[in-house]
Amino acid sequence: MTLLKSWVCSANSSDTDFPLNNLPYGVFSTQETEPRCGVAIGNMIFDCQAAEEAGFINFDEGPIFDVPYWNEVMELGPDAWAKLRTRLVSLLTEGVVEQDTLSKMLTPMSSAELHLPLIVAEYTDFYAGRNHATNVGTMFRGAENALPPNWLHIPIGYNGRASSVVVSGTDIRRPWGQLKSVHDKKPHFAPCQRFDFELEIGAIVGTSSDGPVSVCEADDMIFGYVILNDWSARDIQAWEYQPLGPFQAKATATTISPWIVTKAALEPFRCDAPEREFELLPHLKDKGPMLYSIDLVVSLTANGQPPQSIVKTNYREMYYSSAQQLAHHSSAGCPMNSGDLLGSGTISGNSRGECGSMLELSWGGKEPLEIDTGVTRSFLEDGDGIEMTGFSQGNGYKIGFGSCFGTVIKALRDPYAR
Ligand code: CA
């Protein structure tokens, strides 16, 4: 596929995250307007609520864009998603006769505030990157026992909290927690010293299910994808995680990028999962290419220094696709809801500069990361900004995700002070 030309000139550049081929869904507000649904096109946002009110978009079900979230569209299912996308492409294509009227429905992205694009129903996080799991396992259990025995057979996950999912740009306050290192005789309550990011892709479940679903059914249920930073308190996790897994270590915040990139936009970039060491059980088997080639970059802005790229990797490094994770999630009968968010698990390639967390980049803090500006980091410090970006490279165009950004701010002096 090549670049589709739009009458919105900035959408025709080979550099923009948001050409007509992309059309990701978000929620924005301006000084004059309350939050509303919009579509990113070049450096502008097309106002879906205004377009629906003016009769340019019609759903059989009645008005859909009278609410500031995409859940109502998601619930309508794949046929409605395809119909809406076709309609938006036709409205924004070069040469459309209603261009003058439609151009009044554009807002410059620079003057808009972006909000969470959906109401997150529930949030589940997986641990499905083989390099990440191997690195972390090697650090904690030694190379011989790096991967737990179940790892190559099921996508391991835990149930997180939807309430702590925030949109890009939200400051992240360093948490306090119960800590006990191997040198401590007893635990104490203090600010986290090993605060970290995790580079992930989040899958957004569009349609609900009741009972087990197949991998193909699961793939059809997914509405789109975002970049996700699963902020992690490693020292809290080290003390609390056995036997039930992480809890408060992952409870501070999870940041997502503000634009939902649809499965339709990513379709040309599908790729196979890696070769399987053990054949997966039939209900989890790959049914064609279900990962996507998405180049991912993490940049660190250390205390007012210019941003420096510290990680480069690709989503195709995952061992399990979101469809396989969703199928597994449903396999014991768990109903899945429209608006559920599934974190892929940390995405790491096979070299140090491709690792999607500080834990791996500094090898547990033992080999601090040295950055070109002379700064070194084992874990994140107060004032550090972490930005994650990603795109799939097409022929003369990109399918970009926008920015997933957050700044770590100082812990409260005493979180229980009233
Ligand atoms: Ca995670």
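These values consider heavy atoms only, across backbone and side chains, with no hydrogens, waters or symmetry-generated copies. When a ligand or atom number is given, it counts from 1 through the structure's own listing order.
- In this structure, a donor-acceptor pair under 3.5 Å is present between the side chains of Trp231 and Thr255.
- Its N, O or S atom nearest to the Ca ion (ligand 1) is what matters here, and for Asp230 that atom is OD2.
- Of all N, O or S atoms in Glu198, the one lying closest to the Ca ion (ligand 1) is OE1.
- An angle of 100° is found at the Ca ion (ligand 1) between Glu200 atom OE2 and Asp125 atom OD2, rounded to 10°.
- Defined by atom type and a distance below 3.5 Å, a donor-acceptor pair is present between the side-chain atoms of Tyr123 and Asp230.
- Cation-pi contact between Arg276 and Tyr319: present, with separation from the ring centre below 6.0 Å and deviation from the ring axis of at most 45°.
- Atom NZ of Lys5 has 12 or fewer neighbouring heavy atoms from other residues, nucleotides or ligands inside a 6.0 Å radius.
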